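Values in this document were obtained by computation on a predicted structure and should not be read as measured data.
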Amino acid sequence: MIKRLTLLTVCFVFSAVSSWAQEFVYEGESNGVLMLSVSEFNVKKSDAVDKAIKDSFFQILFRGIPGSKEYQRPLLGTDENAAKAHNEYFNKMIGDGRIYTFVNYSALNYYKRKEAVVKVSLNVRALVQDLEKHNLYRRFGLY
């Protein structure tokens, strides 16, 4: 009985966590510009585009974009301690709104019951140049 209850609880937790996660669909890339379709769950309509943009950058920097030829691997690696080590850079990037200078296009494509799909086009080539300028990235890996 206890094993069944534990199994049921674990299944419930995993199903709940998966419904909160984002989904990234690779739509193409051209000349360093990456096009994505980002699904956000449990988000207000007014916050959907901003959240999708921030999550897209996190995905590019620390997770990579599945299906992408150039950006399948994360730019800064899977270690989030890189963000902590360069906290000042990321605080300025997000807090001062510099993150939006790398966005070519963003629009809410679909919204219903706190679920949103946002189309995002990001200039990753300019982001890489900015990371190189601030000594966070170089062509052959991290500093």
Side-chain angles (χ1 to χ4, degrees), residues 3 5-143:
K3 288 182 181 181
L5 184 59
T6 303
L7 180 62
L8 182 63
T9 304
V10 169
C11 290
F12 176 73
V13 168
F14 280 119
S15 68
V17 168
S18 67
S19 68
W20 294 332
Q22 305 88 12
E23 292 178 12
F24 297 87
V25 176
Y26 170 78
E27 296 205 351
E29 59 193 272
S30 175
N31 296 327
V33 176
L34 185 66
M35 283 83 65
L36 299 171
S37 180
V38 182
S39 298
E40 294 285 348
F41 302 99
N42 200 18
V43 67
K44 293 179 184 176
K45 188 175 185 177
S46 60
D47 298 334
V49 174
D50 285 337
K51 185 158 175 40
I53 290 170
K54 290 174 185 174
D55 290 341
S56 296
F57 277 99
F58 181 83
Q59 187 77 12
I60 290 167
L61 294 173
F62 299 109
R63 298 286 183 252
I65 304 296
S68 170
K69 296 172 189 155
E70 259 187 85
Y71 307 107
Q72 189 166 7
R73 290 188 181 146
L75 291 177
L76 297 180
T78 57
D79 183 15
E80 281 113 25
N81 290 330
K84 292 176 186 174
H86 303 287
N87 196 22
E88 184 178 328
Y89 173 81
F90 291 109
N91 283 342
K92 281 186 177 180
M93 176 84 108
I94 294 171
D96 293 346
R98 285 193 56 237
I99 195 169
Y100 299 106
T101 61
F102 303 105
V103 178
N104 287 358
Y105 173 81
S106 64
L108 184 64
N109 196 34
Y110 170 82
Y111 185 84
K112 188 174 182 180
R113 296 187 196 138
K114 293 190 174 188
E115 293 181 11
V117 177
V118 179
K119 300 288 184 179
V120 180
S121 175
L122 306 170
N123 190 339
V124 183
R125 183 177 290 165
L127 175 63
V128 167
Q129 290 174 349
D130 192 65
L131 292 170
E132 287 175 345
K133 178 182 161 189
H134 289 90
N135 295 326
L136 274 88
Y137 179 82
R138 58 186 171 145
R139 291 179 191 229
F140 301 109
L142 294 173
Y143 278 101

Here the pair of heavy atoms bringing F41 nearest to E115 is CD2-CG, 3.6 Å

Output for pair (L75 CG, L136 CG), nearest 0.5 Å, gives 10.5 Å

CG of N31 to CG of N123, rounded to nearest 0.5 Å, is 9.5 Å

Scanning both residues in full, the closest heavy-atom pair of A116 with A48 reads CB-CB, 3.7 Å

*Got P74 and R63 here, is their nearest side-chain heavy-atom distance under 4.5 Å?*
no

Hits for salt bridge (Lys or Arg N to Asp or Glu O under 4.0 Å) against E27, two or more places apart or cross-chain, chain-then-number order -> K119

On a heavy-atom basis, the closest approach of R125 and Y71 is N-OH, 4.1 Å

Shortest non-hydrogen pair, E40 vs A52, comes out as OE2-CA, 3.4 Å

The complete set of side chain to side chain donor-acceptor pair (under 3.5 Å) pairs with one or both residues in residues 95-107, sequence neighbours excluded, reads D50-Y100, R98-D130

Between the OG atom in S39 and the CG atom in N109, the distance rounded to the nearest 0.5 Å is 9.5 Å

Here the gap from L76 atom CG to L61 atom CG, rounded to the nearest 0.5 Å, amounts to 5.0 Å

Residue set satisfying side-chain hydrogen bond (donor to acceptor under 3.5 Å, both in side chains) with E29, at least two apart, ordered chain then number -> Y26, S68

So CZ of F58 and NZ of K51: to nearest 0.5 Å the spacing works out to 10.5 Å

Taking every heavy atom of L108 against every heavy atom of V49, the minimum-distance pair comes out as N-CG2, 3.9 Å

Practice item. Could you please spell out the steps behind the side-chain contact (heavy atoms from CB on, under 4.5 Å) verdict for L127 and M93? Key: CA-CA 11 Å; L127 175 63; M93 176 84 108; 3.6 Å; yes

In this structure, CD1 of I65 is separated from CZ of R73 (nearest 0.5 Å) by 15.0 Å

Between V120 and L122 the two heavy atoms that sit nearest each other are CG1-CD2, 3.3 Å

Practice problem: Examine distances only and state if a side-chain atom of Q72 and a backbone atom of P66 form a donor-acceptor pair shorter than 3.5 Å. | Solution: no

